[in-house]
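Data block below; observations after.
Numbering of ligands and ligand atoms starts at 1, following listing order. Numbering of residues begins at 1 and proceeds along the displayed sequence. Just so we're clear, the structure is a prediction, and the values are computed from it rather than from any experiment.
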Amino acid sequence: MTEATTTAGHIPPILLIGCGRMGSAMLAGWREQGLAPSVAVDPSPAAAAFAGPDLAVVAGPEAIAPDFVPAAVVLAVKPQNAAETLPAYARFTGGSVFLSIMAGRTIGGIARLLGPDAAIVRAMPNTPAAIRQGVTVACPGQGVGTPQRALCDRLLHAIGTVAWVEDEAFLDPVTAVSGSGPAYVFLLAELMEQAALEQGLPPALARLLARQTVAGSGALLAASAEDAAALRKAVTSPGGTTAAALSVMMKSDAWPLTVSEAIAAATRRSRELAG
Ligand SMILES: NC(=O)c1ccc[n+]([C@@H]2O[C@H](COP(=O)([O-])OP(=O)(O)OC[C@H]3O[C@@H](n4cnc5c(N)ncnc54)[C@H](OP(=O)(O)O)[C@@H]3O)[C@@H](O)[C@H]2O)c1
């Protein structure tokens, strides 16, 4: 098998299948590093806007030039489109690594569509990828070589931080924590806004305070070497306002139980949906 290679400062030819929100976010990051002539397949008329000197956008696999040899085939279609979409790309098995960001599609399930010899990396990004602040967990399938793994790592770094696991079973709790996690944080902003209204603040101010407090606290956490508990304790004076709020939130049957049960439910659902 010929393994893909990559050098710093240059992204080798990529075949991107699906140029929607996540596919186009990755593409933007690759372009910043310099993308070798690549191809995106997407039947959506909106995808044509991504065409350029470094990228041909085609509507289907039959329009890919026969002599195009991608270093990686990036699978960024919706999971429900996998069965109808993937078999047409089985011909790239052997020379290219397949990098899937499809939620819930297992390495085994993808291999059933591409063939047993396909080198597959399964990854779970999250939605802050849109501003390159995502976190992605990647898992290599059998037969993925070191240069192929390094290439996938570079491709995923285009949308944020990357961590690798060797055990694919971890991707269910990963999905529950980071894949679904942005929704939990957005819910916190929603609830804080509602509570601010209940306390009599005008709507525009309630919205500003809730959004900017969540966003600013996330940025502070990202910039700090301290863990979240230490940052929380640093802003909690004994007997003060923060302590009054936390005494409600931190009751054992309040946030600790709710968050634990929520992430357990999402992990179970991820296992149920896997295929
Ligand atoms: N967005 C996230 O936060 C997130 C997080 C984790 C994982 N993911 C995964 O990332 C993948 C992409 O998600 P997304 O949010 O980017 O979805 P999206 O915006 O809907 O993008 C998917 C794109 O694929 C196109 N498409 C449909 N059928 C195709 C085919 N046969 N060949 C090539 N392209 C085709 C769609 O076109 P049409 O619109 O015309 O159908 C659309 O442009 C999904 O598998 C999802 O599970 C996304």
Side-chain angles (χ1 to χ4, degrees), residues 14-30 38-51 55-64 68 70 72-92 96 98-107 109-110 113-114 120-139 152 155-163 165 168 170-187 218 263 266-267 269-275:
I14 304 299
L15 178 55
L16 173 63
I17 316 300
C19 201
R21 274 169 301 177
M22 202 54 88
S24 64
M26 295 177 84
L27 176 64
W30 304 337
S38 293
V39 176
V41 182
D42 194 313
S44 165
F50 296 105
L55 187 77
V57 179
V58 298
E62 63 288 341
I64 301 170
F68 178 62
V73 181
V74 177
L75 305 171
V77 292
K78 292 283 192 196
Q80 57 268 31
N81 295 130
E84 67 191 32
T85 304
L86 269 53
Y89 302 95
R91 70 183 175 93
F92 295 105
S96 314
F98 290 85
L99 170 60
S100 169
I101 60 162
M102 296 182 293
R105 289 286 152 260
T106 62
I107 293 170
I110 296 167
L113 297 168
L114 292 173
I120 299 163
V121 170
R122 178 182 167 196
M124 169 51 61
N126 67 359
T127 195
I131 54 162
R132 294 173 216 172
Q133 294 287 320
V135 58
T136 301
V137 176
C139 177
C152 291
L155 297 179
L156 292 169
H157 264 106
I159 49 173
T161 301
V162 184
V165 296
E168 191 179 2
F170 283 163
L171 287 179
D172 295 311
V174 161
T175 301
V177 174
S178 59
S180 301
Y184 318 153
V185 178
F186 300 144
L187 174 63
I263 287 182
T267 304
R269 188 66 183 138
S270 177
R271 288 192 190 113
E272 286 165 9
L273 291 174

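- With a 4.5 Å cut-off on side-chain heavy atoms, Phe50 and Leu27 count as touching.
- Heavy-atom contacts from other residues, nucleotides or ligands closer than 6.0 Å to CZ of Phe170 number 12 or fewer.
- Scanning the protein for heavy atoms near atom 40 (O) of ligand 1, the closest one is Ser44 CB, 3.3 Å.
- Of the heavy atoms in Pro79, both backbone and side-chain atoms come closer than 4.0 Å to ligand 1.
- In terms of protein heavy-atom proximity, atom 31 (N) of ligand 1 is nearest to Thr85 OG1, 3.1 Å.
- Of all atoms in ligand 1, numbered sequentially from 1 with element shown, those under 4.0 Å from a heavy atom of Thr127 are 3 (O).
- For the pair Glu168 and Arg122, the minimum side-chain heavy-atom distance is below 4.5 Å.
- Ligand 1 has a nitrogen or oxygen under 3.5 angstrom from a nitrogen or oxygen of Val77.
- Closer than 4.0 Å to atom 21 (O) of ligand 1 lies at least one heavy atom of the protein.
- Residues Arg132 and Ala158 come closest through the heavy atom pair CG-O, 3.2 Å.
- Inclusion of Tyr89 in the set of residues having an N or O under 3.5 Å from an N or O of ligand 1 is not warranted.
- Side chains of Asp42 and Val77 form no contact here, defined as non-hydrogen atoms less than 4.5 Å apart.
- In terms of polar-atom proximity, Glu84 is not counted as a contact of ligand 1, lacking any N or O under 3.5 Å from an N or O of the ligand.
- Put simply, the side chain of Ile17 does not reach to within 4.5 Å of the side chain of Val74, judged on heavy atoms.
- For atom 42 (C) of ligand 1, the nearest non-hydrogen atom from the set Ile17, Val41, Asp42 comes from Asp42.
- Taking the side chain as every heavy atom from C-beta outward, Leu75 and Leu99 never approach each other to under 4.5 Å.
- Evaluated by nearest non-hydrogen atom to atom 28 (N) of ligand 1, the leading choice among Leu86, Asn81, Val58 is Asn81.
- The protein heavy atom nearest to atom 12 (C) of ligand 1 is Ala76 O, 3.2 Å.
- Annotation: atom 6 (C) of ligand 1 to nearest protein heavy atom, Pro125 O, 3.3 Å.
- Annotation: side chain of Met26 is not in contact with side chain of Ile14 (no heavy-atom distance under 4.5 Å).
- Any N or O atom pair closer than 3.5 Å counts here, and Met22 shares at least one such pair with ligand 1.
- For the pair Arg21 and ligand 1, the shortest N or O to N or O distance falls below 3.5 Å.
- You'll find the side chain of Tyr89 stays beyond 4.5 Å of the side chain of Leu113, heavy atoms only.
- The protein heavy atom nearest to atom 26 (N) of ligand 1 is Pro43 CD, 3.8 Å.
- Across all non-hydrogen atoms, the minimal contact from Ala25 to Ala130 is CB-CA, 4.3 Å.
- Using a 4.0 Å cut-off between heavy atoms, Ile101 contacts ligand 1 through both its backbone and its side chain.
- In terms of polar-atom proximity, defined here as any N/O pair under 3.5 Å, Ala103 does make such a contact with ligand 1.
- Within the 4.5 Å cutoff, the side chain of Leu171 has no heavy atoms near those of the Ser270 side chain.
- Proximity of Gly179 to ligand 1 is not established, as no heavy-atom distance is less than 4.0 Å.
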